[in-house]
Amino acid sequence: MSTKPSKTAITPTRAEDYPEWYQQVIRAADLAENSPVRGCMVIKPWGYALWENIQQALDAKFKATGHQNAYFPLFIPKSFIEKEAQHVEGFAKECAVVTHSRLEADADGKLVPAGELEEPLIVRPTSETIIGEMFSRWVQSYRDLPLLINQWANVVRWELRTRLFLRTAEFLWQEGHTVHATQKDAMEETLRMLDIYADFAENYMAMPVIKGRKTAHERFPGAEETFCIEAMMQDHKALQAGTSHYLGQNFARSSNIRFQNEQGELQYAHTTSWGVSTRLIGGMIMTHADDDGMVVPPRLAPQHAVILPIYRDDAARAEVLAYCKSLQAELAAATFHGLPVRVTLDDRDMPGGAKGWQWIKRGVPLRIEVGPRDIASGSVFVARRDTGEKKSQPRGEFVATVAAQLQAIQDNLLARARAFRDTNTRVIESKDEFYAYFTPKNKEKPEIHGGFALAHWNGSSAIEEQVRADLSVTIRCIPLDGDLTPGTCIFSGEPSHQRVIFAKAY
RNA sequence: CGGGGCGUAGCGCAGCCUGGUAGCGCACCUGGUUCGGGACCAGGGAGUCGGAGGUUCAAAUCCUCUCGCCCCGACCA
């Protein structure tokens, strides 16, 4: 009783040391861990199940909008990457390069690379160039368009500084690549996919996002326009959770993607690309997790509910387990958003308190305790992970309303995250106010501070650069659904079309 | 890749300054008593002290190098 390690399951708390808290949540929830390979993580079953649920939901949305999955090579010839000048510049610094084809034992028995390749292969950091090459073979006529392809894959970017889920050297993602006859069609596609991401973030991840356009400075290398969804984490920093690019004819030119139009004229196509990654899991953690560990939004939860049997002796055990199994079957027959309710019965022989805390730390939305008293009264004792609320409910009523209860949690998580974001978003009218907003009180050990600043900006990248140099604050996006009232740039005094979002970012 | 911090049992840590051959809490295993929000008692297993050199009779401890992790910066999903 007195051996509680602390008041919270996670130490330190968010307020005490946010980055360390993040690491500890991942460990406590058994989501992932660092691997022997520098910068690469092992995604453990509970974390991978989240990714599988993300995949399943998004994949259905991609298919519903006419996309098809395909798979392209992991290796990209160096000459392909070189085709698009800005693209090269953007990715050259972080590429893993394969130069040899085998290993040979040297005099000491050590293996050394041998069989140098004629042309080095790049482990894909993204697939525009190799897919572009294939698209150039597949597209000949306007009748071949639009070409709508998606790939689920791993990619490698040799990052110097990594963080589990948020930035790892290898990560999992999906990359959509499409080809269109006109700019209008391609731009519509770009925004359609952005909307899908935003809808997914809010309605599945319960993570409110702002849809916006990147400034030239923050654009994808080689893109004409980059759109993004930006979310606010609990340390008030922004997380770019998804991107959608209108690539213009840049990659069409470099990969020679041309088609004959209805007039028989040969023209370059317009392409798009868009992606989300395992970073989304990091976003979910930093949006919903608390000082007791992970909190998973029900629509993506590996398990919606866990049944925890409570008994003292073997006689009670048999009775309780039988009751739990039938309850499990009833719940599994219920549906939540068209899918069976996922419910697990945890009958491991271990102290009940410790067992319960394991599920709290993993973030399972509903914990159902069933003991002799519940059986006697035909009820179940249910705890909500998001609010901590606990109450006894008649069994039949619980089974009948389980989907509604899960949806209530889903809705609460979104509402709570939105309220958090809104209270940490500030309209800023002057440079002084801006600098004060983004300057911590404690310089040595900065407290959580700042947030989203909505401020007028004249479009100058020199100002962007200055703010970044002074405060590590960047323009996260120019909101698409923002207030379009013109005003005055708070840095230059020049006219501004609309407010943009400034924040510190991951 | 630059600056700072840290690597001791699965996790969190003490020991290091002032060298003497490794400890605590949790977790794990066994037995018993317990059991409706992190149970208790007793016993037990587990660590080449990140790695490699060096100094020394003796190194977790001192010195050099190296690898990894975390934070800040630059860069990025």
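Reckoned from all heavy atoms, side chains included, excluding hydrogens, waters and symmetry mates. Proteins get letters first, then strands, A, B, ... in listed order; numbering begins at 1 in each.
Comparing the same atom, C1', in C29(B) and in G54(B) gives a spacing of 42 Å after rounding to whole Å. Comparing the P positions of G4(B) and A60(B) gives a spacing of 28 Å, expressed to the nearest Å. Between U61(B) and C6(B), the two P atoms lie 15 Å apart (nearest whole Å). When the P atom is used for both G25(B) and C63(B), the distance is 31 Å, rounded to whole Å. For the P atom pair drawn from G53(B) and A59(B), the interatomic distance equals 13 Å after rounding to whole Å. Comparing the P positions of G23(B) and U48(B) gives an interatomic distance of 14 Å, to the nearest angstrom. The gap from the P atom of C49(B) to that of G44(B) amounts to 25 Å, rounded to the nearest Å. For the P atoms, the distance linking G68(B) with G51(B) amounts to 15 Å, nearest Å.
Leu280(A) comes within 4.0 angstrom of nothing in the nucleic acid, heavy atoms only. Here Ser277(A) lies in heavy-atom contact (under 4.0 Å) with a base. At the heavy-atom level, Gly39(A) lies under 4.0 Å from the strands shown only through sugar-phosphate atoms.
A search for salt bridge (Lys or Arg N to Asp or Glu O under 4.0 Å) contacts involving Lys237(A) returns nothing, not counting sequence neighbours.
Listed by residue number, the members of residues 362-395 of chain A with any heavy atom below 4.0 angstrom from RNA chain B are Arg367(A), Glu369(A), Gly371(A), Pro372(A), Arg373(A), Asp374(A), Phe381(A), Ala383(A), Lys390(A). Using a 4.0 Å cutoff on non-hydrogen atoms, no part of residues 284-293 of chain A comes near RNA chain B. Within a heavy-atom distance below 4.0 Å of RNA chain B, no residue of residues 192-229 of chain A is found. Taking every heavy atom of residues 294-311 of chain A and every atom of RNA chain B, pairs under 4.0 Å involve Ile310(A), Tyr311(A), by number.
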message: ring-ring contact (aromatic ring centres under 6.0 Å, His included), that's the test. Do Tyr437(A) and Phe452(A) meet it? Break it down for me.
response: CA-CA 10 Å; Tyr437(A) 187 55; Phe452(A) 285 2; 9.8 Å; no

task: For the pair Phe62(A) and Trp274(A), evaluate ring-ring contact (aromatic ring centres under 6.0 Å, His included) and give the outcome as yes or no after the intermediate values.
output: CA-CA 11 Å; Phe62(A) 299 158; Trp274(A) 27 275; 5.2 Å; yes

- prompt: For Phe72(A) and His177(A), what are the C-alpha separation, side-chain angles and deciding distance, and is it a ring-ring contact (aromatic ring centres under 6.0 Å, His included)?
  reply: CA-CA 11 Å; Phe72(A) 299 85; His177(A) 295 270; 7.5 Å; no

field: CA sep, side-chain torsions, deciding dist, call: Glu330(A), Arg395(A), salt bridge (charged side-chain N to carboxylate O under 4.0 Å, His left out)
entry: CA-CA 10 Å; Glu330(A) 280 178 41; Arg395(A) 171 176 170 160; 2.6 Å; yes

- request: I would like to know whether Phe420(A) and His236(A) meet ring-ring contact (aromatic ring centres under 6.0 Å, His included); could you show each step before the answer?
  value: CA-CA 9 Å; Phe420(A) 180 87; His236(A) 304 184; 5.4 Å; yes

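In terms of modelled atom types and a separation under 3.5 Å, the side chain of Trp46(A) and the main chain of Arg362(A) share a donor-acceptor contact. Put simply, the side chain of Lys214(A) gets close to the backbone of Arg476(A): a donor and an acceptor are under 3.5 Å apart. Of the possible polar contacts, none joining the Gln23(A) side chain to the Glu20(A) backbone as a donor-acceptor pair under 3.5 Å is found.
Rounded to a whole Å, the CZ atom of Arg124(A) is 17 Å from the P atom of A77(B). Atom pair Arg348(A):CZ and A27(B):C1' shows a separation of 13 Å (rounding to whole Å applied). Rounded to whole Å, atom C1' of G73(B) lies 14 Å from atom CG of Leu471(A). Taking atom OH on Tyr323(A) and atom P on G36(B), their separation rounds to 19 Å, with Å as the unit. The distance between atom CG of Leu160(A) and atom C1' of G73(B), rounded to the nearest whole Å, is 12 Å. Between the NE2 atom of His449(A) and the C1' atom of C72(B) there is a distance of 12 Å, rounded to whole Å. Taking atom CZ on Arg163(A) and atom C1' on G68(B), their separation rounds to 17 Å, with Å as the unit. Here C28(B) presents its P atom at 12 Å from NZ of Lys355(A), a figure rounded to the nearest Å.
Across A77(B), G37(B), G73(B), the shortest atom-to-atom separation from the side chain of Gln240(A) is found for A77(B). Candidate nucleotides A77(B), G38(B), C72(B) were compared by shortest atom distance to the side chain of Thr168(A), and A77(B) ranks first.
Proximity of Gln55(A) to Gln174(A): side-chain heavy atoms (C-beta onward) are nowhere separated by under 4.5 Å. Counting heavy atoms from C-beta on, the side chains of Val112(A) and Leu103(A) never come closer than 4.5 Å.
Along RNA chain B, the nucleotide nearest to Val37(A) and the one nearest to Ser472(A) differ in position, and the one closer to the 5' end is contacted by Val37(A). Residues Pro36(A) and Leu239(A) both approach RNA chain B. Their nearest nucleotides, taken by heavy-atom distance, put Pro36(A) toward the 5′ side.
Phe200(A) and Tyr204(A) have parallel rings, their planes meeting at less than 30° on a 0 to 90° scale where 60° marks the start of perpendicular.
Within 6.0 Å of the CH2 atom in Trp158(A), the count of heavy atoms belonging to other residues, nucleotides or ligands does not exceed 12.
Ring centroid separation for the pair Tyr311(A) and Tyr323(A) does not come in under the 6.0 Å cut-off.
A cation-pi arrangement is absent between Arg213(A) and Phe227(A) under the rule of less than 6.0 angstrom and at most 45 degrees off the ring axis. Annotation: cation-pi geometry not satisfied between Arg124(A) and Phe80(A) (NZ/CZ under 6.0 angstrom from ring centroid, within 45° of ring axis). Cation-pi geometry between Lys431(A) and Phe434(A) is not met: the NZ or CZ atom fails to fall both under 6.0 Å from the ring centre and inside 45° of the normal.
Gln405(A) and Gln393(A) are linked by a side-chain donor-acceptor pair at a separation below 3.5 angstrom, with hydrogens and angles left out of the test. In this model, a donor atom of one side chain and an acceptor atom of the other lie less than 3.5 Å apart for Thr215(A) and Glu464(A).
Under 4.0 angstrom from either OP1 or OP2 of C75(B) there lies at least one side-chain N or O belonging to Arg468(A). Within the 4.0 Å cut-off from OP1 or OP2 of A77(B), not a single side-chain nitrogen or oxygen of Arg279(A) is found.
Base pairing analysis places A39(B) opposite U33(B); the two distances defining the Watson-Crick or G-U wobble pair are each below 3.5 Å. Nucleotide C65(B) is matched to G51(B) when pairs are restricted to Watson-Crick or G-U wobble geometry with both distances under 3.5 angstrom. Remark: A74(B) base-pairs with no nucleotide; criterion is Watson-Crick or G-U wobble with both hydrogen-bond distances under 3.5 Å. Under the Watson-Crick or G-U wobble criterion, with both distances below 3.5 Å, C26(B) is paired with G10(B). The partner of C57(B) is G20(B), judged by Watson-Crick or G-U wobble contacts that both fall below 3.5 Å.
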What are the atom names and distances for every N/O pair under 3.5 Å that joins the protein to nucleotides 5-12 of chain B?
from	atom 1	to	atom 2	distance (Å)
G12(B)	OP1	Arg27(A)	NH2	3.3

